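Would you mind keeping the following structure in view while I ask a few things?
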Amino acid sequence: MHKGKWITGSARKELAEAFTKEYREGRSIRAIAEAHGRSYGFVHRVLTEAGVPLRARGGDPRTGAAHLTG
């Protein structure tokens, strides 16, 4: 998908399904956006349109991803 191109209909639904799967696996919105060449806002909007409950800021509490030191 080319960045900036309007995505509608079945293509948007497929993208929403892919984003939802990745997000529920614990990937951040920012990471999903980077992997797909889209903006943070676009991914956020698609997830909310799909009715996905968004996590609070600070990372995935199941993995402690935000609390890792490196």
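Please read all numbers here as calculations on a predicted model, not as lab measurements.
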Neighbour count above 12 (heavy atom, 6.0 Å) for R12 CZ: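 Yes, enclosed.
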Close side-chain approach of I7 to R38, heavy-atom, < 4.5 Å: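 SC-SC contact between I7 and R38 confirmed.
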Close side-chain approach of Y23 and V43, heavy atoms under 4.5 Å: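 The answer is no; the side chains never approach within 4.5 Å.
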Residues 15-22, side-chain donor-acceptor partners within the protein, below 3.5 Å, at least two apart:
residue, atom, partner, partner atom, Å
T20, OG1, A16, O, 2.7
K21, NZ, E25, OE2, 2.7
E22, OE1, R27, NH1, 2.8
E22, OE2, H36, NE2, 2.8

Over 12 non-hydrogen atoms of neighbours within 6.0 angstrom of CD in E49: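 Enclosed: over 12 neighbouring heavy atoms sit under 6.0 Å from CD of E49.
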Residues that R45 engages under salt bridge (charged side-chain N to carboxylate O under 4.0 Å, His left out), provided they are two or more places apart: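 Checked R45 against salt bridge (charged side-chain N to carboxylate O under 4.0 Å, His left out); zero matches.
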Interatomic spacing from OG in S28 to CZ in R55 - rounded to 0.5 Å: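 Atom-to-atom, S28:OG and R55:CZ are 7.5 Å apart.
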